[in-house]
Structure formats: structure tokens, C-alpha cells
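Order of appearance sets the numbers: ligands from 1, and atoms from 1 within every ligand.
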Amino acid sequence: MLLNAVRQLACAAVAGQQALLPAIAQFSRGMASAHPEIQVYAGPQAPKKAVTLRTLRAKYEKQQPICMATAYDYPSAVHVDQADIDIILVGDSVSMVVHGHDTTLPITLDDMLMHCKAVARGAARAFLVGDLPFGSYELSTTEAVRSAIRMLKEGGMDAVKLEGGSPARVEAARAIVEAGVAVMGHVGLTPQSVSVLGGFRPQAQVASEAVRVINQAKALQASGCFAIVLECIPAPIAAAVTKALRIPTIGIGAGPQCSGQVLVYHDLLGMMSHPHHAKVTPKFCKRYAEVGTIIQQALVQYRQEVADGLFPGQQYSPYSIQQQEVDLLVKELESSGMRDCAAAVSEAAEAANAAKQQQR
Ligand SMILES: Nc1nc(=O)c2c([nH]1)NC[C@@H]1CN(c3ccc(C(=O)N[C@@H](CCC(=O)O)C(=O)O)cc3)CN21
Ligand SMILES: CC(C)C(=O)C(=O)O
Ligand SMILES: [Mg+2]
């Protein structure tokens with residue numbers, strides 16, 4: 001009796017050992033399907049990140065310009081990633097260019113996380129930075145840390161960015177870095193402060209303000225930021241900030257002396273060329289394409305071809321049916337009195353066959 005039980009246990013142990021490897025594989029697959037984010041960032045097949053804080057640092061030290069662009073979803077992330085751009089910023093500008101708001105204020109942390117997840121699925125090699133949105137880090141350092149952790153843990157980001165260089169913002173940056181999350185600073189025009197700034201205007205155009213921006217940048221550096229965005233400030237001021245720091249500056253409307261540059265995806269592609277969108281396309285932005293015009297032309301052509309009966313035609317109607325099935329169906333329809341219907345089937349089948357003959 002006892003011996004039998006021991007023997008059974010031993011058998012179970014051997015079977016268990018043999019079952020172990022597939023079981024672990026099944027477990028990890030199960031984990032990955034329960035938590036889709038695991039498969040993307042931590043799966044055994046996940047590609048090694050090409051761009052890290054270390055490679056960014058090396059670029060900065062070699063004085064090679066760092067390139068950053070925004071992306072907000074899977075296709076834009078794939079595009080930016082495949083262009084070998086160093087950093088993808090999931091910017092809160094998504095509020096304006098994707099959601100159609102007039103400012104960046106309405107976008108929520110949950111909205112941002114949704115965009116971050118989509119970007120993380122599309123970006124295999126770029127370094128990923130997520131903008132902390134308005135209202136997700138100002139109330140307390142605790143809330144700032146919690147929001148930053150969510151950006152990494154749920155959003156799949158490598159770092160976060162926050163706006164402003166006041167003592168409270170510097171403290172938030174310090175707390176987030178201490179929690180183990182890399183932080184990018186952002187000074188000059190900080191669009192989340194549009195309410196107090198009174199508009200999207202260039203900043204630091206008087207010496208006293210310029211000194212303040214330089215000091216804010218230095219304070220953010222001291223808090224542990226790995227880089228700082230300089231937005232809409234005169235080139236000489238950006239040059240001064242860049243000289244004053246030992247971390248990279250990433251400029252947007254801040255002249256050529258910054259350690260790197262950033263542009264908004266829709267702006268650089270000329271996606272918003274329609275006058276209706278002109279208000280969100282700043283003048284510092286170079287358009288590397290007129291994608292908006294191409295999209296518009298394609299949509300009009302599609303509409304015309306549908307209206308003219310040119311699309312889909314036989315070429316884009318790929319699903320075939322064998323002649324014997326056509327014959328059976330026609331017989332069936334005729335015997336149930338559906339003559340017009342049967343004729344339509346025969347006619348369409350003949351047209352499809354004629355098109356096929358022509359192709360050969
Ligand atoms: N599409 C887009 N591109 C951006 O670069 C961008 C956004 N959205 N949203 C968030 C911020 C806002 N940005 C902006 C928006 C407008 C101007 C702009 O046109 N400024 C005018 C002054 C306008 C005024 O005085 O009210 C300028 O002359 O620079 C600058 C930066 C930059 N960021
Ligand atoms: C313009 C960049 C720096 C940004 O913060 C954004 O796109 O939200
Ligand atoms: Mg932003």
C-alpha cells in the first residue's frame with residue numbers, strides 16, 4: 001500500500017520533470033496573453049533595444065546630433081522607428097494633432113497610456129519617451145511618481161518627460177528619477193502652461209527671462225534629468241543653455257546649437273497643410289513632405305472611382321467560385337422562381353471569367 005503510493009509519487013515526479021519545460025513555455029505564453037504588454041517588452045523573442053540611455057549618452061559625447069520625432073500610434077511608430085530616428089516621443093501634442101483639441105490640456109493619463117501602448121508595439125529599436133500630461137504630476141511628488149511608473153509599467157515607455165523648471169517641477173523630476181524612472185525635462189515654451197502664458201508664444205526673449213530658463217535647465221539637470229527639451233526660444237539662448245549643461249538639449253524652434261532636434265510627426269510630414277489645421281502648425285517646422293495633399297488626392301480619387309463604378313472592378317474582386325457551383329446555384333434559384341437573381345449570378349460569373357481570360 002505504502003510502497004504503491006511511493007511508486008506513484010516517484011512516477012508523478014518523473015512525469016512532472018518531463019512536463020516541466022513545456023509547462024514553463026505554456027505558463028509564459030499564458031502570462032503573455034493575460035498581459036499583452038509582456039510579450040512586447042519582455043518576451044524572450046523581443047528584439048534588443050538599439051537606442052538606450054547609454055547610446056544616447058555616447059552620441060552626445062561624440063557631439064553627434066540626437067534626432068527625436070513624435071509618434072502616437074502603431075503605424076506612426078513603425079514609420080519613425082524604421083527611419084532610424086533615435087527617440088520617439090509620445091507627445092501630449094496628440095491632444096491637438098490627433099484628438100483635434102486647441103491645446104494639450106484635455107488629454108488624460110489614461111488617454112496617453114493608450115497611445116503609448118500602441119507606439120510600444122510598433123517601435124522595436126527607438127528609445128521611447130512618454131509625455132506626462134497636464135494634471136498627472138503637479139499635485140504632489142507622490143502622484144508624479146505614480147504617473148511616471150504607469151508610463152513605464154503599462155505604457156511600455158523607457159522614460160517620461162515633464163514640463164517646467166520651477167522648484168516644484170524640479171522636485172517632481174527628482175522624485176521620479178529616485179523611483180528609477182528616467183526623466184526628460186522641458187523648458188522655454190511649455191504648452192501645458194498656456195493658461196498663464198496666454199498663448200503659444202516664443203519665450204526667453206528678454207535677458208532676465210533667458211537667465212531664468214538657463215537656471216531652470218541647470219536645476220533640472222541637477223535633479224537627474226538625462227536630457228532637456230528647449231521649445232520656442234531664440235537660438236542664442238538655446239546655445240547658452242546647451243553650453244551650460246552636461247546633458248543633451250533637444251530643440252524645437254530653438255535654433256541649430258542644441259544637442260538634438262525634435263519635431264511633431266504631423267508637422268514634419270505636412271499632414272496638416274489644410275488651412276483648417278494651420279493654427280497647430282508652428283512656423284519653425286520644416287515640412288519634409290506634403291502627405292496631407294497626397295492623402296486628400298487619394299481619397300478624392302477613391303470617391304470618384306466608386307461614383308463612376310470603376311472600383312472595385314474584376315481586379316479587386318478576388319474571391320472566385322467554380323463553374324459547377326455557379327451552375328448548381330443558378331438551377332436552385334431558377335427552380336425557386338428567382339429568375340432575375342439567377343441571371344445576375346450567371347452574368348457576374350461570365351464577367352469574372354472574361355476578366356480572367358484577359359489577364360492570361
Ligand atoms: N502640431 C503641433 N506642433 C507643435 O510643435 C506643437 C503642437 N502641435 N502642440 C503643442 C505645442 C504648441 N506649439 C506651438 C504652437 C504654435 C506656435 C506658434 O505658432 N507661435 C507663434 C506665435 C503665436 C502667438 O503669438 O500667439 C510664433 O510666431 O511662433 C508655436 C509653438 C508647439 N507644440
Ligand atoms: C513638441 C514636443 C517637444 C512635445 O512636447 C509634444 O509633442 O507634445
Ligand atoms: Mg508635449
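Near His186, the atoms of ligand 2 lying under 4.0 angstrom from a non-hydrogen atom of the residue are 5 (O). Close approach of ligand 2 to Thr70 is summarised as follows: ligand atoms under 4.0 Å from at least one heavy atom of the residue are 7 (O). Atoms of ligand 2 lying under 4.0 Å from at least one heavy atom of Asp131, given by number and element, are 4 (C), 5 (O), 6 (C), 8 (O). In summary, the atoms of ligand 2 found under 4.0 Å from a heavy atom of Gly91, numbered by their order in the structure, are 6 (C), 7 (O), 8 (O). Within ligand 1, counting atoms from 1 as listed, the ones closer than 4.0 Å to a heavy atom of Cys232 are 30 (C), 31 (C). Heavy-atom proximity to Met96, at under 4.0 Å, picks out these atoms of ligand 1: 9 (N), 10 (C). Under a 4.0 Å criterion applied to the non-hydrogen atoms of Arg201, ligand 1 contributes the atoms 25 (O).
The closest donor-acceptor contact from the side chain of Lys161 to the backbone of Val183 lies at 3.5 Å or more, if one exists at all.
Asp111 and Thr108 share a side-chain donor-acceptor pair at under 3.5 Å.
Pro282 counts as a contact of ligand 1, since one of its heavy atoms falls under 4.0 Å from the ligand. Ligand 2 does not have Met68 within reach: every non-hydrogen atom of the residue lies 4.0 Å or more from it. The shortest separation from a heavy atom of Met272 to ligand 1 is not under 4.0 Å, leaving the residue out of contact. In this structure, His266 does not count as a contact residue of ligand 1, since none of its heavy atoms falls inside 4.0 Å of the ligand.
Annotation for Gln301: atom CD does not count as buried by contact number, only 12 or fewer foreign heavy atoms lying within 6.0 Å. More than 12 heavy atoms of other residues, nucleotides or ligands sit less than 6.0 Å from atom NZ of Lys59. Around the CG atom of Asp308, the shell of radius 6.0 Å holds more than 12 heavy atoms that belong to other residues, nucleotides or ligands. For Gln358, the CD atom sits in a loose shell: 12 or fewer heavy atoms of surrounding residues, nucleotides or ligands are nearer than 6.0 Å. A 6.0 Å sphere centred on CD of Glu332 holds no more than 12 heavy atoms belonging to other residues, nucleotides or ligands.
By heavy-atom distance, the residue among Ala71, Gly251, Ser93, Cys232 lying nearest atom 6 (C) of ligand 2 is Ser93.
Below 30°, between 30° and 60°, or above 60°: for Phe226 and Phe127 the angle between ring planes is above 60°, a perpendicular geometry. Using a 30° and 60° split on the angle between ring planes, His79 and Tyr265 fall in the parallel class, below 30°.
Among protein heavy atoms, the minimum distance from atom 4 (C) of ligand 2 is reached at Leu89 CD2, 3.5 Å. Protein heavy atom nearest atom 1 (C) of ligand 2, with residue, atom name and distance: Ile252 CD1, 3.6 Å.
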Discussion item. Let's go through Gln192 and Glu138 carefully: what are the C-alpha distance in whole Å and the side-chain angles of both, what is the deciding distance for side-chain contact (heavy atoms from CB on, under 4.5 Å) to 0.1 Å, and is it a yes or a no?
Written reply: CA-CA 11 Å; Gln192 292 176 16; Glu138 298 89 337; 4.0 Å; yes
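At least one N/O-N/O distance between Asp267 and ligand 1 falls below 3.5 Å. Residue-to-ligand polar distances place Asp92 within reach of ligand 2: an N/O pair is separated by less than 3.5 Å. Backbone and side-chain nitrogen or oxygen atoms of Phe200 are examined, and one is located within less than 3.5 angstrom of a nitrogen or oxygen of ligand 1. Taking only nitrogen or oxygen atoms, main chain and side chain alike, Glu231 does not reach within less than 3.5 Å of ligand 2. Residue Lys161 has at least one nitrogen or oxygen atom sitting less than 3.5 Å from a nitrogen or oxygen atom of ligand 2, judged on distance alone.
Residue Ile252 touches ligand 1 through its side chain alone, judged by heavy-atom distances below 4.0 Å. The proximity of Lys283 to ligand 1, defined as any non-hydrogen pair under 4.0 Å, is limited to the side chain. By the criterion of a heavy-atom distance under 4.0 Å, the side chain of Leu189, and not its backbone, is placed next to ligand 1. At a heavy-atom distance under 4.0 Å, no atom of Ile250 approaches ligand 2.
Among Asp86, Asp158, Asp84, the one residue that satisfies the salt bridge (Lys or Arg N to Asp or Glu O under 4.0 Å) test with Arg125 is Asp84.
The OD2 atom of Asp131, the Mg ion (ligand 3) and the OD1 atom of Asp92 define an angle of 80° (nearest 10 degrees).
Between Arg146 and Glu143, none of the side-chain N atoms (NZ, or NE/NH1/NH2) sits under 4.0 Å from a carboxylate O, so this pair counts as no salt bridge. Note on Glu61 versus Arg57: salt bridge recorded, some NZ/NE/NH1/NH2 to OD/OE distance being below 4.0 Å.
Annotation: the span from Ser147 atom OG to Leu132 atom CG amounts to 6.0 Å, rounded to 0.5 Å.
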